[in-house]
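Below you'll find the structure, written out as C-alpha cells, and then a few comments.
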Amino acid sequence: MQVVTHKTGWLEVICGPMFSGKSEELIKRIRRAQIAKRRSQIFKHGIDARYDATDIVSHSQQSMPGTAVARAKDILELVDDRTELVAIDEGQFFGDGIVEVANRLANQGKRVIVAGLDLDYRGRSFGPMPALLCSAEYVTKQLAICMTCGDPANFTQRLTGSTDQIVVGAAETYEARCRRHFEPPAEEEEPAGASAGTGS
Ligand code: ADP
C-alpha cells in the first residue's frame, strides 16, 4: 500500500537574466502562498542592497519584507520548524552551500523557491545555480527584452569594464540582450601552462 503523507517538500528554481521578472515571479508566488495562509520566510543575500537592505524589491518596485543573510547556513538557523515556504532571492550570490541548504529544507517537507541569475556577465553559469537547477523539481526559465532589438533576451550585458564576477548594480550597470546582441567581454588569455592536461 502506498502511504501518502502530503508532507513531501520540493524545490522550485526561477532563473533567467537580469530584468526577466525573477523577483516579480518570486513575489507573486509568495503572495499566493500567503493568501493560502502558508507560513513563509523570505531571504536574500546581504550583498544585494540595491533597493533595500533586507526586502526583496523588483525593478518594477514591487516589494516583500525579507531578511538579508551573509551565508547559506544562516538560513537554516533562521528557518522556523513551522515554516512551510522558504523563498530565497539572488541565489547566485550564495556559495555551493545553498544547494545543501535548499535540499535539506525541501527534505524537511518545505516548499523552497530560489530565484537567481543562471548566467553571469560573461554568459557563463553562475555559482551554485546549475546544481540548484539539477536538484529542483520545478524550473522556470524567464527571458527579458533585448534593449537593442526588442527580441527575447537570455543574457545580461555589463555596461562597465569591471571583470569581477559580482558587481551589484541595476539599469546603470547592466542591460538585457538577446543572443545576437550580447557582447561578452574578450576572454582573458590563459597563462602559459595553465591549460596543461589533467595527467591522463
Ligand atoms: P529580475 O529579478 O529578473 O532582475 P525584476 O522582477 O526585478 O527582474 O524586474 C522585472 C521588471 O523589470 C519588468 O516587469 C519591467 O518592469 C522591468 N524591466 C526593465 N528593463 C526590462 C527589460 N529589458 N526586459 C524586461 N523587463 C524590464
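Order of appearance sets the numbers: ligands from 1, and atoms from 1 within every ligand.
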Does [X] reach ligand 1 with a nitrogen or oxygen that is under 3.5 Å from one of the ligand's nitrogen or oxygen atoms?
X: S60; value: no
X: S20; value: yes
X: F19; value: yes
X: M147; value: no
X: V57; value: no

Judged by modelled atom types alone, do [X] and [Y] share a side-chain donor-acceptor pair under 3.5 Å?
X: D55; Y: S63; answer: no
X: S162; Y: T160; answer: no
X: T67; Y: Q41; answer: no

> To which of I145, T148, D89 does the heavy atom nearest atom 23 (N) of ligand 1 belong?
Replying inline: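 Residue with the shortest heavy-atom distance to the ligand atom: I145.
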>> As a check for students: among E175, M18, E25, H59, identify the option with a heavy atom nearest to atom 5 (P) of ligand 1.
In response: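 Nearest heavy atom to atom 5 (P) of ligand 1 lies in H59.
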>> At under 4.0 Å between heavy atoms, is it the side chain or the backbone of P17 that contacts ligand 1, or both, or neither?
In response: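 Looking at P17 and ligand 1, just backbone atoms fall under 4.0 Å.
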>> Using a 4.0 Å cut-off to any heavy atom of A144, which atoms of ligand 1 qualify?
In response: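 Answer, ordered by atom number: 24 (N).
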> What atoms in ligand 1 come closer than 4.0 Å to a heavy atom of S58?
Replying inline: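 Taking each heavy atom of S58 in turn, ligand 1 has 5 (P), 6 (O), 7 (O) under 4.0 Å.
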> What residue pairs, at least two apart or across chains, pass salt bridge (charged side-chain N to carboxylate O under 4.0 Å, His left out) with a residue in residues 138-157?
Replying inline: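 Every salt bridge (charged side-chain N to carboxylate O under 4.0 Å, His left out) pair that includes a residue of residues 138-157, provided the two are not neighbours, is D118-K141.
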> Under a heavy-atom criterion of less than 4.0 Å, does G16 contact ligand 1?
Replying inline: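 The answer is no, since G16 has no heavy atom less than 4.0 Å from ligand 1.
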> Applying a strict 4.0 Å limit to heavy atoms, is C146 in contact with ligand 1?
Replying inline: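 So C146 does not count as touching ligand 1.
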> Minimum heavy-atom separation for P17 to Q142, with atom names?
Replying inline: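 In terms of heavy atoms, the two residues are closest at CD-O, 3.3 Å.
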>> Quick check: closest heavy atoms across M18 and L117, and the distance to 0.1 Å?
In response: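 Heavy-atom minimum between the residues: N-CD2, 3.3 Å.
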>> Strictly distance-based, threshold 3.5 Å: is any side-chain N or O of Y121 a donor or acceptor partner for the main-chain N or O of T163?
In response: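 Pair found, side chain donor or acceptor close to backbone of T163.
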>> Less than 4.0 angstrom from a charged side-chain N to a carboxylate O is my criterion; do E25 and K28 meet it?
In response: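 K28 and E25: salt-bridged.
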